[in-house]
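Written below as structure tokens is the structure these notes are about.
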Amino acid sequence: MAANPVALESLRPAAPPQPRREPESPLWLAVAVSIATFMELLDTSIANVSLPHIAGSLGASQDEATWVLTSYLVANGVILPLSGWLSTFIGRKRFYMACVAIFTASSVLCGLAPSLPMLIVFRILQGLGGGGLAPSEQAILTDAFPPHKRAQVFSIYGLAVVLAPTIGPTLGGWITDNYDWRWIFFINLPVGIVSLLLSARLVHDPPTLIAQRWKLLQNLHIDYIGIGLLAVGLSALQIVLDKGQEDDWFGSQLITACIIIAAVCLVSAVIYELRHEQPVLDFRLLANRNFGLSSLLVFGLGFVLFASTVLVPQYLQELLGYTATDAGLVISPGGATVAILTIFSARLLKRISARTLILTGWLIAVAANWTMAHTFDLEMTYAWAAWMRVFQAFGFGLMFVPISTAAYSFLARDKVNQASALYNLARNLGGSIGISVMTTVIARRQQFHQSVLGAQIASPDGNLQRWLNNLTASFRDRGLGPSAQQHAQAWLSALLTQQARLLAYLDAFMVIAVFAAIILPFAFLLRDHREGFKAPSGTH
């Protein structure tokens, strides 16, 4: 329906578009938007290790406390695809600063929450504020700099995107152990204030966006159906991914219903948005060769990055007995490697095509996870675990900036808002699906390996049966008498559970390696991003 001209008067640009200008302080602009990204992405993972403390403090069960994570991810996933349209509708700077303010204020409310229901409500608000940050920030950087300078600022932004989920669990554990779980939310307050002050001074809406807003508000038709389908579909999908394995997938009526709702709504949303004149999420952008391929590649990067970041610390804590702090120290060298290579890859893009760096990164990702699947064991040293994480990090550090640069190299400037929403949605979905798949793989493969090992015990001719008999005799010799066999069975059962868990983790690393190998060939199809530098200005 057409909007009331009077009601929209305050939203209209006050002056006609001015010639495009580069930011007065490019480094500070990149820092201003990147610290907000870091803050938001940190919160997607920092609360994970604090759940037992949150549950105990608020008198809730562990299962109930997991909604602290789910509620945030659902709200985050709902607003993310709408962020491009909202940035155009109310102005990118205005929308971005509103998101920072909402995220910061709701973080403080989360820290002050007196009960679990109130904490979940505040986490929803926090997710709504945080969901619009990453797409807005990437659009701000893309519009503020010409194509040949984007790699440099994307490297600063990339540090936030790749480092935040890596250090989040470790930082959350350290804060919870040494202070209180509420401080994982309070630390966002000073960061949010700094981000708001810098953004107010440095962020400006570009002329192309001002022109888009003017055109949109002159003949506004709000895509209520598209908004509704995307919001409901992505909410249901996030619940499925976060709760599916925990609730036994199709064994749960809630998960089954959410799968059906997600499938119907999301398929309907794609079909409807492709036919709408003013879509809230423009899927037609995926037809752009480099952008479509880059969205697929960043989906894969999100899958591999988040999946491996969850697997390695869990493996070290569950099977090797590491504390959260010790596991974090294993991850830390990888974080430093990512930081160095992210900046280094931006410099390399001046001489080497993004396609070459992306292919190299994916090859390293395949090799690193394949090596982990074949070398991790129960006697692994700290040094080997840290080196393997560094090996993985080489791949991550080489990929993020080249993928981002390739994605926007052939897009028109007036498509940046919508493109950033799609691009970041792909990365977020990749991360959520990666974590969900790994959780399921470990649980199902552990069951499989336990059944196989258990069958060997049951076999009278098996080696494990002879070992059990010898162990029983040994316990009997130590004076345990009739209970010797029970002690031997309990000891062997614990050992088999541990071995089955180990084999399940090794299978999970192999799944990541295979997934990376499947994604890798798509990088060959990318056009050289440097060709985009020579294209007409309107296509950058």
Side-chain angles (χ1 to χ4, degrees), residues 41 44-45 48 161-169 241-242 244-245 295-320 327 330-331 333-335 337-338 341 357-377 380 384-400 403 426-449 500-523:
L41 291 174
T44 62
S45 59
N48 290 18
V161 172
V162 179
L163 281 179
T166 301
I167 70 171
L241 295 175
D242 202 46
Q245 175 57 36
S295 297
L296 175 62
L297 290 168
V298 84
F299 171 90
L301 177 58
F303 185 106
V304 174
L305 172 63
F306 280 83
S308 61
T309 300
V310 167
L311 282 186
V312 175
Q314 280 187 357
Y315 177 92
L316 296 174
Q317 292 178 73
E318 288 185 15
L319 295 175
L320 301 186
V330 171
I331 299 295
T337 303
V338 168
L341 285 175
L357 290 177
I358 295 168
L359 285 169
T360 304
W362 278 115
L363 284 170
I364 292 173
V366 172
N369 285 283
W370 186 91
T371 303
M372 287 179 167
H374 288 83
T375 62
F376 273 23
D377 57 34
M380 181 176 62
W384 182 253
W387 275 113
M388 283 295 97
R389 184 58 181 175
V390 168
F391 191 11
Q392 272 188 331
F394 262 89
F396 303 149
L398 287 176
M399 282 192 282
F400 183 84
I403 293 175
R427 176 175 53 79
N428 275 26
L429 283 178
S432 296
I433 292 173
I435 293 172
S436 181
V437 169
M438 289 305 104
T439 303
T440 303
V441 167
I442 290 173
R444 299 302 168 92
R445 292 302 291 177
Q446 181 178 354
Q447 293 173 357
F448 169 78
H449 289 300
R501 190 73 171 172
L502 168 64
L503 293 172
Y505 271 102
L506 300 184
D507 290 345
F509 284 119
M510 183 55 70
V511 168
I512 296 177
V514 171
F515 176 82
I518 293 172
I519 292 291
L520 184 152
F522 290 98

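Because the structure is a prediction, the values reported are computed rather than measured. Below, each value reflects all heavy atoms present in this structure, side chains not excepted, and no hydrogens, waters or symmetry copies.
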* Asked: Of all heavy-atom pairs between Phe396 and Ser308, which one has the smallest distance, and what is that distance?
  ->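 The answer is CZ-OG, 3.5 Å.
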
* **Heavy-atom closest contact (Val441 atom, Ala508 atom, distance)** =>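 In this case the closest contact between Val441 and Ala508 is CG1-CA, 3.9 Å.
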
Which residues satisfy the side chain to side chain contact (heavy atoms under 4.5 Å, CB included) test with [X], sequence neighbours excluded?
X      : value
Leu296 : Ile519, Phe522
Ala373 : Phe509, Met510
Thr337 : Leu341, Val390, Ala393, Phe394
Ile435 : Phe306, Val310, Thr439

* For Tyr315, ring pair (Phe, Tyr, Trp, His ring centres under 6.0 Å) partners two or more places apart ->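 In terms of ring pair (Phe, Tyr, Trp, His ring centres under 6.0 Å), with neighbours along the sequence ignored, Tyr315 is linked to Phe376, Tyr505.
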
Any [X] side-chain heavy atom under 4.5 Å of [Y] side chain:
X      : Y      : value
Leu429 : Phe303 : no
Leu297 : Met399 : no
Gln245 : Arg444 : yes

Quick one: [atom1] on [X] to [atom2] on [Y], what's the gap to the nearest 0.5 Å?
X      : Y      : atom1 : atom2 : answer
Leu359 : Leu398 : CG    : CG    : 11.5 Å
Leu506 : Asp377 : CG    : CG    : 8.5 Å
Arg389 : Leu316 : CZ    : CG    : 10.5 Å
Met438 : Ile512 : CE    : CD1   : 4.5 Å
Ile403 : Ile358 : CD1   : CD1   : 5.0 Å

* Could you note down all residue pairs passing salt bridge (Lys or Arg N to Asp or Glu O under 4.0 Å) where residues 365-376 supplies at least one of them, sequence neighbours left out? =>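 Not a single pair qualifies under salt bridge (Lys or Arg N to Asp or Glu O under 4.0 Å).
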
Which residues share a side-chain hydrogen bond (donor to acceptor under 3.5 Å, both in side chains) with [X], sequence neighbours left out:
X      : result
Thr360 : none
Trp384 : Thr375
Arg501 : Glu318, Gln446

* Ser436 side chain vs Ser432 backbone, donor-acceptor pair below 3.5 Å ->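 No: the side chain of Ser436 does not pair with the backbone of Ser432.
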
* For Asp507, which residues count as a salt bridge (charged side-chain N to carboxylate O under 4.0 Å, His left out) partner, sequence neighbours excluded? ->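 Scan of Asp507 (salt bridge (charged side-chain N to carboxylate O under 4.0 Å, His left out), adjacent residues dropped) gives Arg445.
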
Which pairs would a plain distance check flag for residues 362-370, meaning a side-chain donor or acceptor within less than 3.5 Å of a matching protein atom at least two apart in sequence or in another chain?
| residue | atom | partner | partner atom | Å |
| --- | --- | --- | --- | --- |
| Asn369 | OD1 | Gln392 | NE2 | 2.9 |
| Asn369 | ND2 | Ala365 | O | 2.8 |

* Show the numbers, then the answer: is there a side-chain contact (heavy atoms from CB on, under 4.5 Å) between Thr371 and Met388? => CA-CA 8 Å; Thr371 303; Met388 283 295 97; 3.6 Å; yes

